[in-house]
There are 2 protein chains.
Amino acid sequence: MPHRMRPTEELRYLILAAQREGNRLLLQALRPLGITPSQAEVIRILQDHQPLALNSLGDLLVCESGNSPSRLVDRLTSAGLVDRQISAFDRRHVELTLTEEGRRLAGQITAIEEDLYRSIDAAVEGRDTDQITGFLRAFVADLPAGRALARRIAS
Amino acid sequence: MPHRMRPTEELRYLILAAQREGNRLLLQALRPLGITPSQAEVIRILQDHQPLALNSLGDLLVCESGNSPSRLVDRLTSAGLVDRQISAFDRRHVELTLTEEGRRLAGQITAIEEDLYRSIDAAVEGRDTDQITGFLRAFVADLPAGRALARRIAS
DNA sequence: CGCAAATAGATTACGCGACATATATGCCAC
DNA sequence: GTGGCATATATGTCGCGTAATCTATTTGCG
């Protein structure tokens, strides 16, 4: 006799499960590069938007509430992938740019992400994308991560 | 000039954003109870399935890959919400049950989850649920978190 | 019976992710 | 310029989440 979980509760856990598994897949795929999914997000953002202040990076990050990506970036600078430079105009700002090595990695990340997108596309197959994205957009519309993503798409 | 993020990439980040924000909402709503969303999931599972071995709990958890919920449960036992008892038949097993206090909390958690489900329902409003759950089910079907959820629904 | 393999769980290490707080810099009013 | 407020970043703490390794216990095979 099933517990007959209600649809909304199942949906909640499906979102959790999908995020967890997507992250795990990406984690394993990125392992050879020595970086994590969150670090990869930073690198991809910098590739498209450098130079960028820590602050503005936080505004574009979905993986974090944006309060303090400094530690996330710390690991990338110690790994020699990101360059930090204090702004000449406002010494509170830190200008972030990719290093040569970081730019090289960015390309490899793109290729790895392709595999993930193929998995997602396979699951979307035969369904109405707009129903799915419409629901998710509505859910996160007024929340920090949703706004970060909106900025990413718009910029 | 928008970057025109491709739909699949947006979908990937929408799932990430939805999970993060849902978790944040739940985290804040549960704060007065002194527990976290993951801890709440354990309590709710125990409410429906106790007594349960640590191992079997892991098989039902979506929030964790199931390898080692021992730390998660540790905090619940130190908080006096869960009782650990070594099985008489197999001393490798630990039987978990809710304490009186744990049972009391389980009810409060259910009420708090209702609020989250209302937010989700509001975003689903006017869309085809089957398109959404169908996609997510397909994506996680053969992965640990998806199987955990399937067990939850079936049991 | 005896020993190897399997199983349950604990422990450890590392990197987030959320939150609160601290410090440093800029800026504006006066 | 100085006081006060806002902004940019750094730091500390807690609880996951993943994975690897370790220990204890049971089981299975001879």
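In the text below, chain A, chain B and the rest are named by the order of the sequence lines, each starting its count at 1.
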Handout entry: salt bridge (Lys or Arg N to Asp or Glu O under 4.0 Å) partners for B:Glu125, two or more places apart
Key = none
Exercise for the section: Using a 4.0 Å cut-off on protein heavy atoms (strictly under), produce a 5'-to-3' string for nucleotides 10-15 of chain C with B for base contact, S for backbone-only sugar-phosphate contact, and - for none. Expected result: SB-B-S
Problem - salt bridge (Lys or Arg N to Asp or Glu O under 4.0 Å) against B:Glu95, all qualifying residues, sequence neighbours excluded - result: none
Practice task
Could you tell me the separation between the CG atom of B:Leu16 and the P atom of C:dC16, rounded to a whole number of Å?
Solution key: 13 Å
Practice task
Please report, rounded to the nearest Å, how far the C1' atom of C:dG17 is from the CD atom of A:Gln19.
Solution key: 11 Å
Exercise for the section: In whole angstrom, give the distance that lies between atom CZ of B:Arg31 and atom P of C:dG17. Expected result: 18 Å
Completion exercise
Closest to the 5' end of DNA chain C, once B:Arg24 and A:Pro37 are matched to their nearest nucleotides, is A:Pro37
Please enumerate all protein N or O atoms sitting under 3.5 Å from an N or O of nucleotides 24-26 of chain C, with distances to 0.1 Å.
{"residue": "C:dG26", "atom": "OP1", "partner": "A:Arg91", "partner atom": "N", "Å": "2.8"}
{"residue": "C:dG26", "atom": "OP2", "partner": "A:Arg91", "partner atom": "NH2", "Å": "3.1"}

Problem - side-chain contact (heavy atoms from CB on, under 4.5 Å) partners of B:Ala40, counting only residues at least two apart - result: B:Leu30, B:Ile35, B:Ile109
Completion exercise
chain B vs DNA chain D, heavy-atom contacts under 4.0 Å, first-to-last nucleotide span, 5' to 3', is D:dG15 to D:dT26
Practice task
With heavy atoms under 4.0 Å as the rule, sort B:Glu41 into base, sugar-phosphate or nothing.
Solution key: nothing
Using atom types as modelled, flag every donor-acceptor pair under 3.5 Å from a side chain in residues 71-83 of chain A to any protein atom, sequence neighbours excluded.
{"residue": "A:Asp74", "atom": "OD1", "partner": "A:Arg84", "partner atom": "NH1", "Å": "3.0"}
{"residue": "A:Thr77", "atom": "OG1", "partner": "A:Asp74", "partner atom": "O", "Å": "2.7"}
{"residue": "A:Ser78", "atom": "OG", "partner": "A:Asp74", "partner atom": "O", "Å": "2.5"}

Problem - Summary of salt bridge (charged side-chain N to carboxylate O under 4.0 Å, His left out) pairs that have at least one residue in residues 20-35 of chain A, sequence neighbours excluded - result: A:Glu21-A:Arg24
Fill in the blank from the handout: Assert: residue with more 5' nearest nucleotide on DNA chain D, out of A:Arg20 and A:Glu95, is A:Glu95
Tell me which donor-acceptor pairs under 3.5 Å the side chains of residues 51-61 of chain B have, and how far apart each pair is, sequence neighbours excluded?
none

Handout entry: Spacing of B:Leu25 atom CG relative to C:dG17 atom P, expressed in whole Å
Key = 17 Å
Problem - Residues in side-chain hydrogen bond (donor to acceptor under 3.5 Å, both in side chains) contact with B:Arg92, at least two apart in sequence or another chain - result: B:Asp90
Problem - For B:Arg12, side-chain contact (heavy atoms from CB on, under 4.5 Å) partners two or more places apart - result: A:Leu26, A:Glu113, A:Leu116, A:Tyr117, A:Ile120
Completion exercise
For B:Leu98 and B:Gln50, the nearest pair of non-hydrogen atoms, with its separation, is N-OE1, 2.7 Å
Problem - Test salt bridge (Lys or Arg N to Asp or Glu O under 4.0 Å) applied to B:Arg127 - qualifying residues, sequence neighbours left out - result: none
Handout entry: Charged N-O contact under 4.0 Å between B:Asp121 and B:Arg118
Key = no
Handout entry: Separation of C:dG9 C1' from B:Glu64 CD (nearest whole Å)
Key = 13 Å
